[in-house]
Amino acid sequence: MSGMNILPEEFFKEDTVKVAQRLLGKVLVHNLPEGVSMGKIVETEAYLSKDDPACHASRGKTKRNEAMFGPAGMAYVYLIYGMYYCFNVVTREEGVGEAVLIRALEPLEGIQHMHQRRGTSKVLNLTNGPAKLCQAMGINKEHNGISLLNSNLTILDSQEKPRIQSSPRIGIKTGVDLMLRFYAAENPYVSASISRKTFEK
DNA sequence: GGTGGGATTAGCT
DNA sequence: GCTAATCCCACCA
C-alpha cells in the first residue's frame, strides 16, 4: 500500500523551510511495547543556521545542541523549562545545524495510551503543543540523537497535501519577524496559544 | 473567555 | 546565577 513508507534521508536533507512545509500531513510513529502510537503532523517550525538567533545552533555546537549538527533524519530532543521535552528532526547536511520543530499532531492511533501518558481526558489537548505531543507519544531525552530512518520512532510518508499557512514562531524572543511557523489550515489540533486570533484576524 | 504566575532542571555565561 | 523553541491552574470577567 502506498504512503506507508518511512521517509528517507533525502527527504530531510533538503532546504529546512521546504522540509518544514512538506512534513505537514506526514505521520509520526512510535512503536512501543504497549502498542503503537501515531499522529499526523499539523504544525512545524523551521530553525536555521544563518541569521536566526532563535536557533539553538546559532552560537555553535554545545553538549546540549550536538544532535542538531548530526545527519539529516536524526532526532534532536531537548529539555525545556526544566520539565518538558521538545522534538525536532535534523535537516540538511551533517554539521550545518538546522532542524524542524514538530509543534502539533492530530492523534491517529494509540489514543488510549496518549491519554494515559498525558493524564487528560480531552482529545484536543493531547498533542496540540510541542511538549504535549512528546508526552503523548512517549518521546523523551532517550530519543535525542537517534535516527528516525531505522528505529522504533519514525515518520511515514503520506499523499496528503494540506493547505499550508504560516506565521512567526511561538515562544521565542529573537527572530520573531521571520515567518517560519507552518501549520495545516483549519486543523483543530494546531497549538492553542496563538494561531487564529493574532494572525488570521 | 482571557491572563498572570509558578513549576523545575541542565547547561551556558 | 539565570534563563529557556512550555504547560497548567487559579483567578477574574
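The distance from atom OH of A/Tyr81 to atom P of B/dG5 is 15 Å, rounded to the nearest whole Å. Atom CE in A/Met83 sits roughly 16 Å away from atom P in C/dA5 (whole-Å rounding). Regarding A/Met68, its CE atom lies at a distance of 17 Å from the P atom of B/dG11, rounded to whole Å. The distance from atom CG of A/Leu133 to atom P of C/dT6 is 11 Å, rounded to the nearest whole Å. The CZ-P distance, from A/Arg169 to C/dA4, rounds to 14 Å in whole Å. Here the P atom of nucleotide C/dA5 and the CG atom of A/Leu101 are 10 Å apart, to the nearest Å.
Within a 6.0 Å sphere centred on CG of A/Asp51, other residues, nucleotides and ligands contribute 12 heavy atoms or fewer. Other residues, nucleotides and ligands contribute more than 12 heavy atoms inside 6.0 Å of the CD atom of A/Glu160.
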Does the side chain to side chain contact (heavy atoms under 4.5 Å, CB included) test come out yes or no for A/Glu45 and A/Ile170, once each step is laid out?
-> CA-CA 9 Å; A/Glu45 283 177 358; A/Ile170 293 179; 3.9 Å; yes
Just do the side chain to side chain contact (heavy atoms under 4.5 Å, CB included) check on A/Ser167 and A/Tyr183 with the steps written out, would you?
-> CA-CA 9 Å; A/Ser167 83; A/Tyr183 55 98; 4.2 Å; yes
Test side chain to side chain contact (heavy atoms under 4.5 Å, CB included) on A/Leu108 and A/Lys40 and set out the steps.
-> CA-CA 7 Å; A/Leu108 295 178; A/Lys40 184 200 298 178; 4.1 Å; yes
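Taking a centre distance below 5.5 Å and an interplanar angle below 30 degrees as the stacking criterion, A/Tyr84 does not stack against the six-membered base ring of C/dT6.
Taking every heavy atom of both residues into account, A/Tyr47 and A/Ile172 meet most closely at OH-CG2, 3.8 Å. Closest heavy-atom contact between A/His113 and A/Glu34: NE2-O, 3.1 Å.
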Dot-bracket encoding of pairs in DNA chain C, which uses [ ] for pseudoknotted crossings and | for another strand, Watson-Crick or G-U under 3.5 angstrom = ||||.|||||||.
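A donor-acceptor pair shorter than 3.5 Å cannot be found between the side chains of A/Arg117 and A/Gln135.
Near DNA chain C, defined here as any heavy-atom distance below 4.0 Å, the residues from residues 42-64 of chain A are A/Tyr47, A/Ala54, A/His56, listed numerically. Of the residues in residues 137-149 of chain A, none lies under 4.0 Å from DNA chain C by heavy-atom distance. Contacts between residues 111-127 of chain A and DNA chain C, defined by a heavy-atom separation below 4.0 Å, involve A/Arg118, listed by number. Near DNA chain B, defined here as any heavy-atom distance below 4.0 Å, there are no residues from residues 18-30 of chain A.
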Can you give each donor-acceptor pair under 3.5 Å made by side-chain atoms of residues 17-30 of chain A, sequence neighbours left out, with the distance rounded to 0.1 Å?
{"residue": "A/Lys26", "atom": "NZ", "partner": "A/Arg22", "partner atom": "O", "Å": "3.2"}
{"residue": "A/His30", "atom": "ND1", "partner": "A/Met137", "partner atom": "O", "Å": "2.8"}
{"residue": "A/His30", "atom": "NE2", "partner": "A/His143", "partner atom": "NE2", "Å": "3.3"}

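Here, B/dA10 and C/dC8 have their C1' atoms 22 Å apart, quoted to the whole Å. Rounded to whole Å, the P atom of C/dA5 lies 22 Å from the corresponding atom of B/dT3. Look at the P atom in both B/dG6 and C/dC2: the space between them is 16 Å, to the nearest Å.
Checked by atom type and distance alone, the side chain of A/Glu109 never pairs as donor or acceptor with a backbone atom of A/Val36 at under 3.5 Å. Using modelled atom types, one side-chain atom of A/Asn65 and one backbone atom of A/His56 make a donor-acceptor pair closer than 3.5 Å. For A/Arg169 (side chain) and A/Ala46 (main-chain N/O), a donor-acceptor pair under 3.5 Å exists by modelled atom type. Not a single donor-acceptor pair under 3.5 Å links the side chain of A/Ser151 to the backbone N or O of A/Leu148.
Picking from C/dT6, B/dT8, C/dC7 the nucleotide with the shortest atom distance to the side chain of A/Lys132 gives C/dC7. Taking only side-chain atoms of A/Ala131, from C-beta outward, the nucleotide of B/dT8, C/dT6, B/dT9 with the closest atom is C/dT6. Among the nucleotides B/dT9, B/dA7, C/dA5, the one closest to any side-chain atom of A/Asn88 is C/dA5.
Residue A/Arg181 has no polar side-chain atom (N or O) positioned under 4.0 Å from OP1 or OP2 of C/dA5.
No N or O donor and acceptor, one from the side chain of A/Tyr78 and one from the base of B/dA10, sit under 3.5 Å apart.
Across all strands, A/Ile80 comes closer than 4.0 Å only to sugar-phosphate atoms, never to a base (heavy-atom distances).
Between A/Val100 and the options A/Asn88, A/Ile41, A/Thr16, a side-chain contact (heavy atoms from CB on, under 4.5 Å) holds for only A/Thr16.
By the criterion of side-chain heavy atoms lying less than 4.5 angstrom apart, applied directly or through intervening Ile, Leu, Val, Met, Phe, Trp or Tyr residues, A/Val89 is not grouped with A/Phe69; the two fall into different hydrophobic clusters. Cluster membership check: A/Ile146 does not share its hydrophobic cluster with A/Met74, using side-chain heavy-atom separations under 4.5 Å among Ile, Leu, Val, Met, Phe, Trp and Tyr.
Aromatic ring centres of A/Tyr78 and A/Tyr76 lie closer together than 6.0 Å.
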